[in-house]
Number of protein chains: 2
Amino acid sequence: MVDQVTSILKEYSVHTDNKMNEIVESRKRVGHLYDMMKYHLGWMDENFNLSRASGGKQLRSTMCLLSCEAISGDFNKALPAAAGLELIHNFSLIHDDIEDGDEKRRHRDTLWKVWGVPQAINTGDAMDVIANIAILSLEDTVKPKVLVSIMKVFNDMVIRLCEGQYLDMDFQTREEVTVDEYIEMISGKTAALIEASTGIGAMIATEDADIIDRFKTFGFKIGIAFQIQDDILGIWGDPATTGKSAKNDIRNKKKSLPVLYAMQTSAEKEELKNLYRKETLTEDDISRIYDILTAAGSLEYTQSMANRYKDEAMSRLEGLYPGSEPMKKLHEIGKFLVERDY
Amino acid sequence: MVDQVTSILKEYSVHTDNKMNEIVESRKRVGHLYDMMKYHLGWMDENFNLSRASGGKQLRSTMCLLSCEAISGDFNKALPAAAGLELIHNFSLIHDDIEDGDEKRRHRDTLWKVWGVPQAINTGDAMDVIANIAILSLEDTVKPKVLVSIMKVFNDMVIRLCEGQYLDMDFQTREEVTVDEYIEMISGKTAALIEASTGIGAMIATEDADIIDRFKTFGFKIGIAFQIQDDILGIWGDPATTGKSAKNDIRNKKKSLPVLYAMQTSAEKEELKNLYRKETLTEDDISRIYDILTAAGSLEYTQSMANRYKDEAMSRLEGLYPGSEPMKKLHEIGKFLVERDY
């Protein structure tokens with residue numbers, strides 16, 4: 001499955017990359033402003049020489065293209081949207097890296113680490129606008145009325161990203177976070193963008209409100225499942241495949257779903273909360289927390305949540321375009337998001 | 001003149017404030033995210049109690065409303081745009097304050113100073129989106145095709161803001177900056193937003209491309225003159241009226257227009273550049289720089305530049321809607337921007 005998904009992503013991301021490049025290049029050169037963007041996207045190194053570093057898997061843009069293709073038979077008209085979605089995702093990564101103090105992204109120094117926080121904030125802002133400009137270039141392919149609807153969906157998604165990021169930062173300073181609050185947080189931080197990707201792909205292809213809604217809901221639900229799977233890998237993932245240290249999320253005291261579940265239900269919840277109050281955790285603390293989570297059935301609970309959202313997601317696409325190649329690819333990506341081990 | 005302009009701004013800003021409030025309030029409550037916005041806008045204090053601090057003069061939104069009213073006789077339909085322009089201006093202030101390390105804004109602590117850089121970046125991002133959402137709510141008053149054009153003008157302005165901010169930060173690290181580069185910087189950082197304000201106001205009122213172009217160019221040129229006047233006040237302004245320390249821009253080693261002119265033309269330009277290389281300036285240094293600028297004729301040069309741009313701006317409106325009240329008000333504001341002493 002992984003090989004298949006890798007080849008799907010590779011096939012479509014070439015087109016999205018070209019479109020992103022076209023949009024960024026259409027701006028007049030202003031010092032190194034756009035070069036810093038290109039660094040973040042993997043197209044330049046930190047001395048502004050051309051490079052071919054990883055610009056991310058491009059899951060979101062590919063899901064947008066496949067949604068459009070499944071409905072209309074053509075993904076090309078969705079390319080401006082695919083570029084806009086990938087750019088807005090990268091805008092949020094540039095700012096998140098500053099906000100979280102992360103020094104590495106895709107095995108390279110983060111933008112703020114190389115050029116400082118002020119230029120990184122501004123480069124992120126500029127990428128946010130370029131993303132909007134990309135969406136507006138749909139002008140050549142869809143009717144103005146449809147474009148206005150797409151801009152509304154797009155901006156509604158970006159504000160939900162900000163709301164999710166607010167909650168994520170807020171949770172780090174709070175002792176008690178409920179599972180419902182957690183779902184609200186990841187709805188904004190992760191699921192909104194995937195919902196907009198499949199939703200906008202559909203809006204470009206059709207005006208049928210029911211079809212659009214099914215693609216949107218598929219994206220939202222699979223986005224939730226994707227984030228929950230991320231939480232599982234953050235604790236039970238194999239360092240050899242995830243590339244992160246073992247029990248990484250416990251080490252960083254992340255209030256992810258398995259932890260929140262145990263904090264609500266475990267017989268040892270007070271001990272767990274006390275451990276989370278510590279400034280830094282020892283290896284013994286990490287092992288103890290791991291054991292508490294295991295005893296509480298956090299893995300089973302979290303896996304069943306991920307599966308529930310995945311099943312709900314998949315059911316939204318049921319019966320649509322049977323036999324269609326792009327539809328099969330979209331299913332493959334959907335399954336991969338939840339079943340991946342990295 | 002000042003009293004007259006104050007009362008114009010007061011009259012129109014009430015309406016813009018109401019619209020901004022309506023848009024911000026239309027979002028579901030998410031922790032204190034929107035409360036932090038309200039703090040920046042002067043509507044709340046730092047304990048999230050209601051307050052009535054200054055939210056700025058609202059020059060830009062008022063110029064948008066007056067442009068629309070001058071052409072169509074009604075400013076109400078431009079209110080969503082006025083709100084969007086004021087919000088995008090405030091988004092840029094929130095991020096600029098972080099980037100410049102400024103701790104005070106409108107006599108209060110800046111947002112990052114109260115809640116830290118990560119939340120301030122994210123609140124700025126959210127305000128950027130809310131501004132776009134405000135513009136999109138023009139949907140009820142203009143045709144989809146016009147709205148798409150307005151969104152393009154709006155986003156083109158925001159990217160120019162980012163480009164201008166990039167250049168401004170870049171100039172601080174460079175020894176040599178030409179007058180042309182300076183004009184390019186303020187075109188983005190200051191003039192683009194005023195151009196968009198009068199331009200979008202006109203686009204809501206008419207589809208006549210010549211009229212729109214005249215309002216846009218008026219905004220752009222008066223925006224340049226406004227920034228140049230700011231540079232004059234930063235050096236020759238009276239602390240009693242500006243509220244800033246005397247020779248403030250020299251103290252902060254700003255590469256403003258009077259300084260750049262002297263660096264290019266003064267007989268003592270090498271001495272001036274050497275002084276600007278110093279880490280901090282003594283009172284004697286500041287006086288010496290002041291004398292060099294005076295001897296170089298920097299004040300006369302800068303004043304004549306401001307007047308030239310003002311005259312070019314005013315000429316664009318000549319003959320339009322004679323006798324119209326909103327037109328008279330727009331003229332008053334235009335003159336005020338360049339003739340103000342604070």
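Note: hydrogens, waters and symmetry copies are ignored here, and every other heavy atom, side chains too, is used. Note on naming: letters A, B, ... go to the chains in the order of the sequence lines (proteins, then strands), and numbering restarts at 1 for each one.
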Please examine the side chains of [Y] and [X], heavy atoms only from C-beta on, and report whether any two atoms are closer than 4.5 Å.
X        : Y        : answer
A:Ile135 : B:Met151 : no
B:Asp125 : A:Asp125 : yes
A:Lys145 : B:Glu139 : no
A:Gln165 : B:Gln119 : no

Step through the shown structure and confirm whether more than 12 heavy atoms of other residues, nucleotides or ligands are within 6.0 Å of [atom1] on [X].
X        : atom1 : answer
B:Glu207 : CD    : no
B:Lys113 : NZ    : no
A:Lys152 : NZ    : no

>> Donor-acceptor pair, distance only, cut-off 3.5 Å: does the side chain of A:Tyr166 make one with the backbone of B:Thr123?
In response: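 No, the answer is negative, given that no donor and acceptor are paired below the 3.5 Å cut-off.
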> Got a salt bridge between A:Glu163 and B:Lys28, using NZ or NE/NH1/NH2 to carboxylate O under 4.0 Å?
Replying inline: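 Salt bridge: no.
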> So which part of B:Asn155 gets closer than 4.5 Å to some heavy atom of chain A, the side chain, the backbone, both or neither?
Replying inline: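 Both backbone and side chain.
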>> Between A:Leu33 and chain B, with a heavy-atom cut-off of 4.5 Å, which part of the residue counts as in contact: side chain, backbone, both or neither?
In response: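 Both parts, backbone and side chain.
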>> Can you tell me which portion of A:Phe154 sits under 4.5 Å from chain B's heavy atoms? Options are side chain, backbone, both or neither.
In response: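 Contact with chain B involves no heavy atom of A:Phe154 at all.
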Hey, what do you get for [atom1] ([X]) to [atom2] ([Y]), rounding to the nearest 0.5 Å?
X        : Y        : atom1 : atom2 : answer
A:Ile159 : B:Tyr34  : CD1   : OH    : 3.5 Å
A:Ile133 : B:Asp156 : CD1   : CG    : 6.0 Å
B:Ile121 : A:Ile121 : CD1   : CD1   : 4.0 Å

> Which residue out of A:Val158, A:Val117, A:Asp96 racks up the most heavy-atom pairs below 4.5 Å with chain B?
Replying inline: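 Answer, by heavy-atom pair count under 4.5 Å with chain B: A:Val158.
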> Can you name the residues of residues 190-204 of chain A that have some heavy atom under 4.5 Å away from a heavy atom in chain B?
Replying inline: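 Residues of residues 190-204 of chain A touching chain B at under 4.5 Å: none.
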> So which of B:Ser92, B:Gly101, B:Gly124, B:Ala126 has the biggest tally of heavy-atom pairs under 4.5 Å with chain A?
Replying inline: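 Heavy-atom pair counts peak at B:Ala126.
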>> Counting heavy-atom pairs closer than 4.5 Å to chain A, which one of B:Asn132, B:Asn122, B:Val148, B:Val146 comes out on top?
In response: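 Top count of heavy-atom pairs under 4.5 Å with chain A: B:Asn122.
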